[in-house]
Amino acid sequence: MSLMNNLSTSMISSSSSAFLAPISFNSSRTQSVAVPPKIINIVRCVSTPQEQQTTYKTNVSRNANISKLQAGYLFPEVARRRAAHLLKYPNAQVISLGIGDTTEPIPDVITSAMAKRSHGLSTLEGYSGYGAEQGEKALRAALASTFYGNLGIEEDDIFVSDGAKCDISRLQVVFGSNVTMAVQDPSYPAYVDSSVIMGQTGQFQKDVEKYADIEYMRCTPENGFFPDLSTVARTDIIFFCSPNNPTGAAATRDQLTRLVKFAKDNGSIIVYDSAYALYISDDKPRSIFEIPGAKEVAIETASFSKYAGFTGVRLGWTVVPKQLLFSDGFPVAKDFNRIVCTCFNGASNISQAGGLACLSPEGLEAMQEVIGFYKENTKIIVETFNSLGFKVYGGQNAPYVWVHFPGRNSWDVFSEILEKTHIVTTPGSGFGPGGEGFIRVSAFGHRENVLEACRRFKQLYN
């Protein structure tokens, strides 16, 4: 206001003075002129407050299930805190080992195939529009022979998609709101959040950090990160991820045999997330269908994201065996096909060309090299935290390292590491109450960044 007043006064006393100031005439001729006084009124312009705007609201009620969700989805929240940190420290060299996003280039043998398909779309011979919602026949056949060759899975059991995460939500639509579900604790948060959105759960119980009506199967170092099934209540759906995100633990053949038997005894369906199966380097099963009887009780989701760097390209698949039936005998695959055809127009034809290239001999070799690179990163991170005296889990069969901070709040540890080292990790509690006291460190990163991060970890905790 003072600046504006000064400007107004200045303008009036200078350029406007000819009109507002008293006028005197000096002349050599002596005369006496009586000029009646003139009163000059200056009108001051004052802005009036605008009328308060009212927000228009529809008569549509908000989805009460979505309103049950707590805060934001985990990984956008991590990204938000990273962005806030950069505002506070704009010159900081932030290293992200939090969100599990791949960093290394897609192998040329794969991108060349996508480029060829892309350029072909500009020709009459190579153009294609809508494809089969279930995926191109050649890719489905290649997936069946490459990953399920001797397991009795056929190409028409496979549905190609834009990623495992998307298929998890499509499966939830198939199951509907009147089912009960169980989930590993800790586990990938999409299982729980999609269940909440579908209306399968009760309200969030703050005192125990759980949603009502979800069976949380506690997975701890003490039980080898495999739940004690004798204490688990019967549910309709069982979400199970192996190798597990975030703990990195891969279930043994004996453990999965017990899980399949548990599902059969209870008439449940297992949704088996195998997104990290190719990281398994020992004799643990890479598919639930390696277990006898699994085709009658299990669905498997998978993805190229962490094998070929397709986190942005988007390509995955889900296996729904024709032997899997609902309680009335209707095939689950037929309902899933109906949802896919209704909600999805099929994966990008360019992405599918890349997927087919991934499954060529050269593509498989290239993917193994990428996986090997990330596994070497994992080894470096594990050795670093071991040298600092931490209890460390995972890492052998997965690109994640699960580090224990006993008695600590995991978000506090996340904040401490970010504030003091400019490194982004992921707090364990974001994966469920069983993750409290842990952080997840991702091995997805350039080698120089991983080495620098480990140097900073040592500087902080030595």
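Counting begins at 1 with the first residue of the sequence. Predicted model only: the values in this text are computed from it and were never measured.
For Tyr374 and Tyr279, the gap between ring centers reaches or exceeds 6.0 Å. Tyr276 has its ring centre less than 6.0 Å from the ring centre of Tyr400. Between Tyr188 and Tyr191, the distance separating the two ring centers is shorter than 6.0 angstrom. For Tyr393 and His404, the ring centers are positioned 6.0 Å apart or more.
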Next item on the list: Carefully, step by step, assess Leu121 and Ile350 under the rule side-chain contact (heavy atoms from CB on, under 4.5 Å).
Entry: CA-CA 9 Å; Leu121 293 174; Ile350 299 171; 4.0 Å; yes
Next item on the list: Could you give me the CA-CA distance, side-chain angles and deciding distance for Asp236 and Ser268, then say whether side chain to side chain donor-acceptor pair (under 3.5 Å) is met?
Entry: CA-CA 5 Å; Asp236 296 310; Ser268 305; over 6 Å; no
Next item on the list: Show your reasoning for whether side chain to side chain donor-acceptor pair (under 3.5 Å) applies to Thr247 and Asn244.
Entry: CA-CA 6 Å; Thr247 67; Asn244 178 265; 2.9 Å; yes
Next item on the list: Might you work through the ring-ring contact (aromatic ring centres under 6.0 Å, His included) test for Phe405 and Tyr461, ending with a clear yes or no?
Entry: CA-CA 12 Å; Phe405 288 76; Tyr461 291 116; 5.7 Å; yes
Next item on the list: Verify side chain to side chain donor-acceptor pair (under 3.5 Å) between Asp167 and Ser161, making sure each step is shown before the conclusion.
Entry: CA-CA 7 Å; Asp167 275 347; Ser161 72; 2.9 Å; yes
Next item on the list: Would you sort out whether Val232 and Ile238 count as a side-chain contact (heavy atoms from CB on, under 4.5 Å), showing the intermediate values?
Entry: CA-CA 11 Å; Val232 174; Ile238 302 169; over 6 Å; no
Note to self: side chain to side chain donor-acceptor pair (under 3.5 Å), that's the test. Do Ser305 and Thr311 meet it? Break it down for me.
What the structure shows: CA-CA 5 Å; Ser305 287; Thr311 51; 5.9 Å; no
Check: What's the verdict on side-chain contact (heavy atoms from CB on, under 4.5 Å) for Asp282 and Gln396, showing C-alpha distance, side-chain angles and the deciding distance?
Finding: CA-CA 9 Å; Asp282 53 26; Gln396 180 181 353; 3.6 Å; yes
Margin query: For a side-chain contact (heavy atoms from CB on, under 4.5 Å) check, start with the C-alpha distance between Leu359 and Leu139, then their side-chain angles and the critical distance, and finish with the verdict.
Written below: CA-CA 9 Å; Leu359 303 179; Leu139 178 56; 4.0 Å; yes
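Residues Leu324 and Lys295 are not in side-chain contact: their nearest non-hydrogen atoms beyond the backbone lie 4.5 Å or more apart. Between Thr231 and Asp228 there is a side-chain heavy-atom pair separated by less than 4.5 Å. Side-chain contact check for Asp162 versus Leu315: every heavy-atom pair is 4.5 Å or farther apart. Under the 4.5 Å side-chain criterion, counting only non-hydrogen atoms from C-beta, Ile168 is in contact with Phe239. Side chains of Thr384 and Val392 form no contact here, defined as non-hydrogen atoms less than 4.5 Å apart. Using a 4.5 Å heavy-atom threshold, the side chains of Phe226 and Thr220 count as separate. Side-chain contact between Asp335 and Val332 is absent, with no heavy-atom pair separated by less than 4.5 Å. You'll find the side chain of Trp317 stays beyond 4.5 Å of the side chain of Phe159, heavy atoms only.
Heavy-atom contacts from other residues, nucleotides or ligands closer than 6.0 Å to CD of Gln93 number 12 or fewer. More than 12 heavy atoms of other residues, nucleotides or ligands sit less than 6.0 Å from atom NZ of Lys68. By the neighbour-count criterion of 12 heavy atoms within 6.0 Å, atom CZ of Phe330 is densely surrounded, having more than that number from other residues, nucleotides or ligands. Around atom CG of Asp328, more than 12 heavy atoms belonging to other residues, nucleotides or ligands sit under 6.0 Å away. Within 6.0 Å of the CZ atom in Arg447, the count of heavy atoms belonging to other residues, nucleotides or ligands exceeds 12. For Lys137, the NZ atom is loosely surrounded, since the number of other residues' heavy atoms within 6.0 Å does not exceed 12. At most 12 heavy atoms of other shown residues, nucleotides or ligands fall within 6.0 angstrom of atom CG in Asn178.
With hydrogens and angles disregarded, a donor-acceptor distance shorter than 3.5 Å links the side chain of Ser274 to the backbone of Thr301. Checking side-chain atoms of Asp185 against main-chain N and O of Gly434 turns up a donor-acceptor pair under 3.5 Å. In this structure, the side chain of Arg253 does not engage the main chain of Lys284 through any donor-acceptor pair within 3.5 Å. With hydrogens and angles ignored, the 3.5 Å screen pairs a side-chain donor or acceptor of Asn377 with a backbone N or O of Gly445. When atom types are taken as modelled, the side chain of Tyr216 and the backbone of Tyr211 share a donor-acceptor pair closer than 3.5 angstrom. A donor-acceptor pair is defined here as one N or O able to donate and one able to accept, closer than 3.5 Å; such a pair exists between the side chain of Ser351 and the backbone of Val313. With hydrogens and angles disregarded, no donor-acceptor distance shorter than 3.5 Å links the side chain of Arg440 to the backbone of Gly428. Counting only distance, with no hydrogens or angles, the side chain of Gln352 and the backbone of Glu136 share a donor-acceptor pair below 3.5 Å. Between the side chain of Thr235 and the backbone N or O of Ile237 there is at least one donor-acceptor pair closer than 3.5 Å. For Gln184 (side chain) and Cys241 (main-chain N/O), a donor-acceptor pair under 3.5 Å exists by modelled atom type.
Under 4.0 Å is where a charged nitrogen must lie from a carboxylate oxygen, and between Glu436 and Arg408 no such pair does. Between Asp157 and Lys322 there is a salt bridge, with a side-chain nitrogen of the basic residue lying less than 4.0 Å from a carboxylate oxygen of the acidic one. Arg140 has no carboxylate O lying under 4.0 Å from a charged side-chain N of Glu133, or vice versa, which leaves the two without a salt bridge. The pair Arg81-Glu77 meets the salt-bridge criterion, with a side-chain N (NZ, NE, NH1 or NH2) lying under 4.0 Å from an Asp/Glu carboxylate O.
Using modelled atom types, one finds no donor on one side chain facing an acceptor on the other under 3.5 Å when comparing Ser177 with Gln200. Between the side chains of Gln172 and Ser195, at least one donor N or O lies within less than 3.5 Å of an accepting N or O.
Separation of atoms NE2 (His422) and NZ (Lys88) is listed at 9.5 Å; rounding is to 0.5 Å. Here the straight-line distance linking atom OG of Ser410 with atom CD1 of Ile439 works out to 9.0 Å at 0.5 Å rounding.
For the pair Arg170 and Phe344, the cation-pi criterion (under 6.0 Å, within 45° of the ring axis) is fulfilled.
What you find for Arg234 and Gly267 is that their closest heavy atoms are NH2-O, 3.4 Å. When all heavy atoms of Phe240 and Leu256 are compared, the closest pair comes out as CE2-CD2, 4.0 Å. Nearest heavy-atom pair across Val370 and Pro107 is CG2-CG, 3.8 Å. Of all non-hydrogen atoms in Gln205 and Ala212, the two that sit nearest each other are NE2-CB, 3.8 Å. Taking both residues in full, the closest heavy atoms of Ala251 and Pro285 are given as O-CD, 3.6 Å, listed atom of the first, atom of the second, then distance. Asn397 approaches Pro243 most closely through the heavy-atom pair O-CG, 3.2 Å.
Gln134 pairs in a side-chain hydrogen bond (donor to acceptor under 3.5 Å, both in side chains) with only one of the listed residues (Asp156, Thr318, Asn337), which is Asn337.
Aromatic ring orientation, Trp402 versus Phe431: perpendicular (interplanar angle above 60°, classes split at 30° and 60°).
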